[in-house]
Trainee: 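The structure under discussion is supplied below as C-alpha cells; questions concerning it will follow.
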Amino acid sequence: MITAFVLIKTDATRIPESAQEISELVGISEVYSVTGEWDLIAIARVEKHEDLADVIADKLSKVKSVVSTTTQISFRAYSQNDLDAAFSLGFDH
C-alpha cells in the first residue's frame, strides 16, 4: 500500500465543500482542514504508484475549487502501536 499526503490550496470560500468532494474520491481515505499555508490535507492510499496519477492528477486536481497541490509520498509509517508490538515481550501492561 502506498500512502501520500496531498497538501491542497482551495478557493477559501469553498473549503468545506472542497473537503467533502475530495473525501468522496476513490483512493482518498481522509481529508483534514488545517491551519497555515495549506487549506486541506488529504491522505491518498493506493496499491501502486501509477494509481497516484489517477487519484491526484486526474481527479483531485480537477475538483473545481482546488487551486494547487503538493504531494508527499511516504516511505514508512511509525506509530506507538507499531513500537509497542516491536518491543513487546508478551507481558500485559
Side-chain angles (χ1 to χ4, degrees):
M1 179 72 58
I2 296 162
T3 301
F5 300 90
V6 186
L7 302 119
I8 306 163
K9 288 187 182 182
T10 67
D11 174 344
T13 65
R14 296 193 37 83
I15 293 172
E17 294 85 358
S18 300
Q20 183 62 44
E21 190 172 344
I22 292 166
S23 73
E24 294 170 0
L25 298 173
V26 173
I28 300 296
S29 62
E30 300 164 68
V31 178
Y32 296 90
S33 61
V34 295
T35 61
E37 181 178 349
W38 303 95
D39 299 311
L40 302 170
I41 297 177
I43 300 175
R45 291 197 169 94
V46 296
E47 290 297 319
K48 37 188 208 287
H49 282 98
E50 295 82 14
D51 295 338
L52 285 175
D54 294 335
V55 173
I56 298 166
D58 294 340
K59 295 178 185 155
L60 190 151
S61 67
K62 292 181 180 166
V63 170
K64 185 170 73 173
S65 54
V66 169
V67 175
S68 66
T69 65
T70 296
T71 302
Q72 305 292 318
I73 299 172
S74 74
F75 292 128
R76 182 175 293 142
Y78 298 91
S79 73
Q80 189 60 43
N81 291 336
D82 294 338
L83 294 173
D84 288 345
F87 293 104
S88 173
L89 297 174
F91 298 110
D92 290 331
H93 299 284

Trainee: Report yes or no: do V34 and V6 belong to one cluster of Ile/Leu/Val/Met/Phe/Trp/Tyr joined by side chain heavy-atom distances under 4.5 Å?
Mentor: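 Cluster IDs for V34 and V6 differ.
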Trainee: Could you grab the distance from atom CD1 of I56 to atom CD1 of I22, nearest 0.5 Å is fine?
Mentor: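 I56 CD1 to I22 CD1: 11.0 Å, rounded to 0.5 Å.
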Trainee: Any side-chain heavy atom of Y32 within less than 4.5 Å of one from L40?
Mentor: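 In short, these two side chains do not touch, never coming nearer than 4.5 Å.
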Trainee: How long is the straight-line distance from CZ of R45 back to CD of E30, given to the nearest 0.5 Å?
Mentor: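 Reported to 0.5 Å precision, the distance equals 5.5 Å.
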Trainee: Do W38 and I73 sit in the same hydrophobic cluster, where Ile, Leu, Val, Met, Phe, Trp and Tyr count as joined when their side-chain heavy atoms come under 4.5 Å apart?
Mentor: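 As far as the 4.5 Å side-chain criterion goes, I73 and W38 are not connected within one cluster.
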Trainee: Find the distance between CG (L25) and CG (D54) and round it off to the nearest 0.5 Å.
Mentor: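 Reported to 0.5 Å precision, the distance equals 11.5 Å.
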Trainee: Given the rule that I, L, V, M, F, W and Y join up when any side-chain heavy atoms are under 4.5 Å apart, are I15 and I28 in one cluster?
Mentor: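 Yes, one cluster joins them.
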Trainee: Are V63 and V46 grouped together when hydrophobic residues (ILVMFWY) are joined by side-chain heavy atoms under 4.5 angstrom apart?
Mentor: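 Hydrophobic grouping puts V63 with V46.
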Trainee: Taking C-beta and beyond as the side chain, do K62 and D58 meet within less than 4.5 Å on heavy atoms?
Mentor: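 Contact flag for K62/D58 side chains = yes.
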Trainee: For S61 and A57, work out which heavy atoms get closest and say how close.
Mentor: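 Taking every non-hydrogen atom into account, OG-O, 2.6 Å.
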Trainee: Less than 4.5 Å apart, side chain to side chain, heavy atoms only: is that true for L60 and T69?
Mentor: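 L60 reaches T69 side chain to side chain.
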Trainee: V66, L7: one ILVMFWY side-chain cluster at the under-4.5 Å cut-off?
Mentor: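 The answer is no; the residues belong to distinct hydrophobic clusters.
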Trainee: If you take all heavy atoms of G27 and V55, which pair is closest and at what distance?
Mentor: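 Scanning both residues completely, I find the closest heavy atoms to be CA-CG2, 4.1 Å.
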Trainee: Find out whether V67 and D39 are in side-chain contact, i.e. whether some heavy atom of one side chain is under 4.5 Å from a heavy atom of the other.
Mentor: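 Of all side-chain heavy-atom pairs linking D39 with V67, none is under 4.5 Å.
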Trainee: Just so I know, are the side chains of E21 and S18 near enough to count as touching, which here means a heavy-atom distance under 4.5 Å?
Mentor: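 The answer is no, as the side chains (C-beta and beyond) never meet within the 4.5 Å cut-off.
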Trainee: Looking at T3, is its backbone amide N or carbonyl O close enough to the side chain of S74 to form a donor-acceptor pair, meaning the two atoms are under 3.5 Å apart?
Mentor: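 Yes: the side chain of S74 pairs with the backbone of T3.
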